[in-house]
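Note that ligands are numbered from 1 as they come in the structure, with each ligand's atoms numbered from 1 the same way.
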Amino acid sequence: MAIKFGRPIEMRDTPRADAALTAPRLDLSIRPRRNRKAEWARRMVRENALTADDLIWPLFVSEGHNKRTAVASMPGVERLSVDQVVREAERAVKLDIPCIALFPYTDPKLRDEAGSEAVNADNLVCQSVRAIKKEFPDLGVLCDVALDPYTSHGHDGLLEDGKILNDETVAVLVRQALVQAEAGCDIIAPSDMMDGRIGAIRAGLDAAGFLDVQIMSYAAKYASAFYGPFRDAVGSAKTLSGDKRTYQMDSANSDEALREVELDIAEGADMVMVKPGMPYLDILRRVKDTFGMPTFVYQVSGEYAMLMAAINTGWLEGERTIMESLTAFKRAGADGILTYFAPQAAERLKKGS
Ligand SMILES: NCc1[nH]cc(CCC(=O)O)c1CC(=O)O
Ligand SMILES: [Mg+2]
């Protein structure tokens with residue numbers, strides 16, 4: 001049974017009528033409940049607020065025209081052909097969402113060992129960026145940099161003899177970032193977790209004259225089971241051989257996240273990210289407190305799937321659960337949130353409380 005929230009029960013200062021329940025008055029000078037007695041009072045002492053400015057909306061692009069394909073493990077999320085991505089970009093603009101993030105579902109025929117489609121200046125992501133920027137130049141566009149949507153083995157880097165090559169991968173990532181920047185991408189977001197990629201991408205962008213293209217580093221990205229539905233969406237779930245634990249972080253570690261973030265800042269990251277979100281709020285708080293950088297968090301596909309599964313069965317109440325989960329990120333120090341709930345949250349915020 002879903003819990004139904006009606007009119008809140010608010011405290012009034014009217015003297016109590018004689019009632020069956022009586023008790024000697026407690027001698028309390030401090031009663032924290034006073035500051036919660038009514039909505040106006042709660043609003044006055046509220047410490048954190050979610051606004052549309054906090055939202056980054058991830059979208060999945062696929063081939064075709066006027067085409068939308070449901071992603072089974074992410075109810076409500078679809079893969080969109082480029083023209084449809086532009087329609088969602090329009091929705092983002094209308095909802096005051098400042099930025100969208102693009103992820104491709106690459107035709108399996110175009111995937112190869114080297115992830116060559118990643119550096120094709122006319123790949124789905126680049127096509128989308130151009131189409132969006134033509135109609136909505138003032139909407140921020142973030143592009144993920146990593147090879148997994150393009151490789152036949154589903155890894156974020158180049159694979160040789162069962163090993164993910166670091167420096168060789170970084171060289172390809174620099175080229176991937178460059179085609180995205182040339183297409184008009186505003187924020188390059190490397191999600192691959194290779195060592196040294198932020199510095200190399202910054203140098204590559206600068207050498208090509210893209211001095212103002214920002215870098216949001218997936219700096220503390222964990223090897224997480226919560227990415228499952230995303231791999232379904234980009235089509236790498238079936239192809240992925242092995243796991244990503246030689247490059248993504250061990251979920252048992254916390255100090256290591258600070259060392260990773262420190263390196264990416266030193267290499268030129270403008271913004272840093274912690275990922276996943278809800279199971280890693282402690283990391284988010286440490287990163288924000290330690291560095292004071294613009295700090296983002298990714299409420300990943302598995303978190304979305306988990307909440308939607310419970311919402312769709314009626315076990316959780318949708319709107320309140322979504323808003324609570326997003327406000328928790330603000331409380332933990334996030335300056336912004338990548339979330340598949342971005343449009344729902346923005347619509348809710350537009351309506352007001
Ligand atoms: N490097 C690709 C990438 N970029 C964002 C996500 C996950 C996003 C999500 O789960 O919503 C992943 C998956 C992965 O690393 O396997
Ligand atoms: Mg690193």
Side-chain angles (χ1 to χ4, degrees), residues 56-61 71 73-74 76-77 79 101-106 115 118 125 142-151 153-157 164 166-167 169-170 172-173 176 188-202 215-251 253 256-269 272-280 287 296-308 337-342:
I56 299 176
W57 183 13
L59 295 166
F60 296 107
V61 205
V71 178
S73 53
M74 300 179 74
V77 171
R79 296 184 197 126
L102 299 174
F103 298 92
Y105 173 89
T106 309
V125 166
L142 176 153
C143 292
D144 197 85
V145 169
L147 301 184
D148 53 313
Y150 307 99
T151 49
H153 45 72
H155 279 287
D156 296 31
I164 301 296
N166 192 86
D167 302 13
T169 298
V170 170
V172 181
L173 299 175
Q176 182 183 11
I188 295 292
S191 72
D192 56 287
M193 286 298 277
M194 296 303 124
D195 296 332
R197 88 278 206 220
I198 300 301
I201 290 172
R202 184 71 270 162
I215 297 179
M216 181 188 291
S217 163
Y218 287 72
K221 174 170 175 179
Y222 287 85
S224 172
F226 287 91
Y227 307 150
F230 172 94
R231 293 178 190 168
D232 191 12
V234 301
S236 68
K238 285 196 202 77
T239 49
L240 182 63
S241 55
D243 58 53
K244 303 191 176 183
R245 285 182 294 176
T246 69
Y247 43 107
Q248 299 179 350
M249 286 175 54
D250 187 331
S251 60
N253 295 353
E256 188 187 6
L258 301 186
R259 297 197 297 273
E260 281 283 5
V261 171
E262 187 172 26
L263 281 170
D264 286 3
I265 295 169
E267 289 177 29
V272 295
M273 193 204 300
V274 172
K275 178 186 175 195
M278 289 167 70
Y280 295 85
V287 167
F296 292 76
V297 66
Y298 201 141
Q299 184 179 50
V300 300
S301 58
E303 302 174 59
Y304 176 85
M306 188 165 71
L307 294 176
M308 283 306 286
I337 307 153
L338 289 93
T339 174
Y340 303 97
F341 290 121

Please give me the minimum heavy-atom distance between [X] and [Y], naming the atom from each residue.
X    : Y    : value
A146 : L173 : CA-CD2, 3.8 Å
V261 : A220 : CG2-CB, 4.3 Å
L240 : G154 : CD1-O, 3.2 Å
D156 : K244 : OD1-NZ, 2.6 Å
D144 : Y218 : OD1-OH, 2.6 Å
T339 : P58  : O-CD, 3.2 Å

With respect to R197, which candidate in D167, V145, D264, I215 satisfies the side chain to side chain contact (heavy atoms under 4.5 Å, CB included) definition?
->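 By the side chain to side chain contact (heavy atoms under 4.5 Å, CB included) criterion, R197 pairs with just one of D167, V145, D264, I215: D264.
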
For R79, the option from V61, V234, V71 that meets side chain to side chain contact (heavy atoms under 4.5 Å, CB included) = V71

With distance as the sole criterion, is a donor-acceptor pair present between the side chains of S73 and D232 under 3.5 Å?
-> yes

Can you pull out the closest protein heavy atom to [atom]? Residue, atom name and distance to 0.1 Å, please.
atom                    : result
atom 2 (C) of ligand 1  : D148 OD2, 3.0 Å
atom 8 (C) of ligand 1  : F230 CD1, 3.4 Å
atom 1 (N) of ligand 1  : D156 OD2, 2.7 Å
atom 15 (O) of ligand 1 : K221 NZ, 2.6 Å
atom 7 (C) of ligand 1  : K275 NZ, 2.8 Å
atom 10 (O) of ligand 1 : S301 OG, 2.7 Å

M194 versus Y247: any side-chain heavy-atom pair under 4.5 Å?
->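 With C-beta onward as the side chain, the pair touches.
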
Proximal atoms of ligand 1 relative to [X] (non-hydrogen, under 4.0 Å):
X    : value
S191 : 1 (N), 2 (C), 3 (C), 4 (N)
Y298 : 8 (C), 11 (O)
A146 : 1 (N)
K244 : 14 (C), 15 (O), 16 (O)
Y227 : 7 (C), 10 (O), 14 (C), 15 (O), 16 (O)

Side chain, backbone, both or neither: which part of V300 has a heavy atom under 4.0 Å from ligand 1?
->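 It is both parts that get close, each with some atom under 4.0 Å.
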
Taking non-hydrogen atoms only, is D192 closer than 4.0 angstrom to ligand 1 via side chain, backbone, both or neither?
->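 Contact part for D192 vs ligand 1: neither.
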
To the nearest 0.5 Å, tell me how far T246 OG1 sits from M193 CE.
->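 Reported value, rounded in 0.5 Å steps: 11.0 Å.
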
Is ligand 1 less than 4.0 angstrom away from at least one heavy atom of Y304?
->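 The answer is no, since Y304 has no heavy atom less than 4.0 Å from ligand 1.
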
Count the heavy atoms belonging to other residues, nucleotides or ligands that lie under 6.0 Å from CZ of F60, then report whether that count exceeds 12.
->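 Counting other residues, nucleotides and ligands, CZ of F60 exceeds 12 neighbours.
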
Please say whether the positively charged group of K275, taken as NZ for Lys or CZ for Arg, lies over the ring of Y227, i.e. under 6.0 angstrom from the six-membered ring centre and within 45 degrees of the axis.
->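 That pair qualifies as a cation-pi contact.
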
Any N or O of Q248 closer than 3.5 Å to N or O of ligand 1 =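 Right, the criterion is met.
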
Tell me, which protein N/O/S atoms are under 2.8 Å away from the Mg ion (ligand 2)?
-> E260 OE1

